[in-house]
Amino acid sequence: MIVMKFGGSSVGDGPRIVNVARIVKDTKKPKIVVVSALGGVTDKLVNIATKVVDLPTLVVEKEVDLFYRDILIQHREALEDAVPDRRVLSELLPKIIELLDQLRIGLLGVGYLEDLSPRSMDYITSFGERLSVLVVEGALRSMGVNAVSLTGHEAGMITDSNFGSARPIHSKSRAKVKRVLIPLLKAGKTPVITGFVSGNENAKITTLGRGGSDYTASLLGNYLSSKEVQIWTDVEGIMTTDPRIVREAKPIETLSYVEAMDLAYFGAKVIHSKMIEPAMVAGIPVWVKNSFKPESKGTLIVRDQKRIKSVIKSVTIKKDVALLTVQGVGMAETPNIAGRIFSILGGNSINIPMISGSSESNLSFIVNQGDLEKAVDLIENEIEADGFRGVKVKENVSVITVVGAGMAGTKGIAAKVFSTISKANVNIIMIAQGSSEVNISFVVKDSDSKKAVKALHKRFIK
Ligand code: ASP
Ligand code: MG
């Protein structure tokens with residue numbers, strides 16, 4: 001049994017969904033299919049919810065109706081293009097309209113109550129995948145595949161109630177997923193399951209966080225001990241670097257789980273960083289493949305790799321970050337200040353992608369640009385004590401990371417990396433402690449970042 005997951009751009013519209021259905025049909029092994037929302041739909045749902053919550057009551061309904069029409073047209077067109085079998089179409093269209101009516105009422109609720117909790121946001125965004133699975137089911141059935149669509153929760157997944165970024169409860173999910181999906185597979189059916197969307201123990205809708213469909217796929221793979229998890233996307237695999245920066249960038253043939261996790265974490269947007277762990281603990285190979293070029297090989301992620309060509313396999317770049325430095329002698333005199341700062345940020349859902357070595361009188365770390373203002377406020381409130389000179393902010397910076405398991409056993413790599421950077425005339429603002437032995441990260445000015453990436457790719461990628 002294998003898991004095949006298709007991302008938003010692979011199921012972007014009717015013709016693309018037909019393409020996906022063909023890939024599924026041509027795969028002869030028993031399989032479960034996991035899909036994202038139609039490309040761009042989750043963003044649209046987030047945007048409309050964020051918009052209506054602030055609108056004057058008088059215009060809420062008009063705005064919601066405009067949105068309703070747009071999203072209805074998008075899904076009806078996709079359905080009509082992807083489902084030539086009229087009987088199947090006439091069964092699925094009313095289901096789509098029923099969901100859209102629920103979505104409309106939910107959005108009116110958000111607008112009139114002027115309240116958008118993470119729980120409401122999960123409810124609203126869940127419609128993206130709940131709609132897309134119906135279209136994919138229809139396309140498959142039109143080709144004679146016995147497909148059934150289910151939400152992640154219907155498929156047996158149970159999460160905690162951390163709305164917006166819910167965590168799976170493995171002990172409960174594993175048993176339930178097996179109980180639901182194995183009989184379907186035995187009966188020759190192909191389950192088509194919503195990525196990203198799940199439910200808590202009271203069957204209330206939760207989501208696994210943006211980009212979470214990959215995570216759904218690898219969790220299901222883990223629970224069902226699948227032979228393989230395939231992540232179908234719109235690029236040819238995980239690349240040696242961003243091809244928009246370096247034309248010679250190419251897909252990486254194989255990666256270890258740890259390398260893949262670091263790459264996902266440090267900016268290669270192809271897979272979600274959380275999705276590696278469930279595959280890794282069960283030793284399930286993960287393939288990243290291009291749905292627009294199914295014949296090309298893609299990237300294989302496994303535990304042990306046979307032959308490693310380059311010590312460094314990939315150079316990533318993370319933009320839209322800011323560097324914060326907390327300074328002052330108070331740092332040395334206040335116990336556990338770093339702990340306090342990180343827990344206050346963490347408690348407010350601010351992620352810290354990177355921390356540099358700290359000294360007793362200062363502490364530097366990176367936050368995402370979108371979190372910057374809130375982070376500075378929180379820190380200033382937390383440390384109003386004497387002896388702090390405040391928080392220094394440096395914007396317009398990028399984090400560059402080189403990743404490769406071969407670095408762990410090879411001497412002098414860091415020196416070579418940094419001399420390559422200095423030869424390219426780029427100044428390094430900060431160096432991070434690698435979160436594993438397989439990466440080195442550092443911060444440069446945005447305006448230097450492309451130069452640095454090009455130089456590193458040229459020097460290290462074979
Ligand atoms: N549709 C969700 C999102 O765009 C989940 C996913 O695509 O993985 O974040
Ligand atoms: Mg998506």
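As a basis for the values below, the full set of heavy atoms in this structure was taken, side chains included, without hydrogen atoms, waters or symmetry mates. Both ligands and their constituent atoms are indexed starting at 1 by order of listing. Please read all numbers here as calculations on a predicted model, not as lab measurements.
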Quick check on contacts: which atoms of ligand 1 are under 4.0 angstrom from a heavy atom of [X]?
{"X": "Ser36", "result": "6 (C), 7 (O), 8 (O)"}
{"X": "Ser213", "result": "5 (C), 6 (C), 7 (O), 8 (O)"}
{"X": "Arg210", "result": "3 (C), 4 (O), 9 (O)"}

Is [X] in contact with ligand 1, taking contact as a heavy-atom separation below 4.0 Å?
{"X": "Glu129", "answer": "yes"}
{"X": "Gly212", "answer": "yes"}
{"X": "Gly211", "answer": "yes"}

Could you tell me if the side chain of [Y] sits less than 4.5 Å from the side chain of [X], heavy atoms only?
{"X": "Asn368", "Y": "Asp320", "value": "no"}
{"X": "Tyr265", "Y": "Asn439", "value": "no"}
{"X": "Leu219", "Y": "Ser173", "value": "no"}
{"X": "Val321", "Y": "Val443", "value": "no"}
{"X": "Ile71", "Y": "Phe127", "value": "no"}

Handout entry: Qualifying residue, where the test is side-chain hydrogen bond (donor to acceptor under 3.5 Å, both in side chains) with Ser149 and the options are Lys95, Arg141, Glu137, Glu129
Key =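 Testing Ser149 for a side-chain hydrogen bond (donor to acceptor under 3.5 Å, both in side chains) against Lys95, Arg141, Glu137, Glu129 leaves exactly one candidate, Glu137.
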Practice task
Could you check Lys450 against Asp242 for salt bridge (charged side-chain N to carboxylate O under 4.0 Å, His left out), going step by step and ending with a plain yes or no?
Solution key: CA-CA 10 Å; Lys450 285 189 182 167; Asp242 185 341; over 6 Å; no
Quick check: [X] and ligand 1, any N/O pair under 3.5 Å apart?
{"X": "Lys5", "value": "no"}
{"X": "Phe196", "value": "no"}
{"X": "Thr42", "value": "yes"}

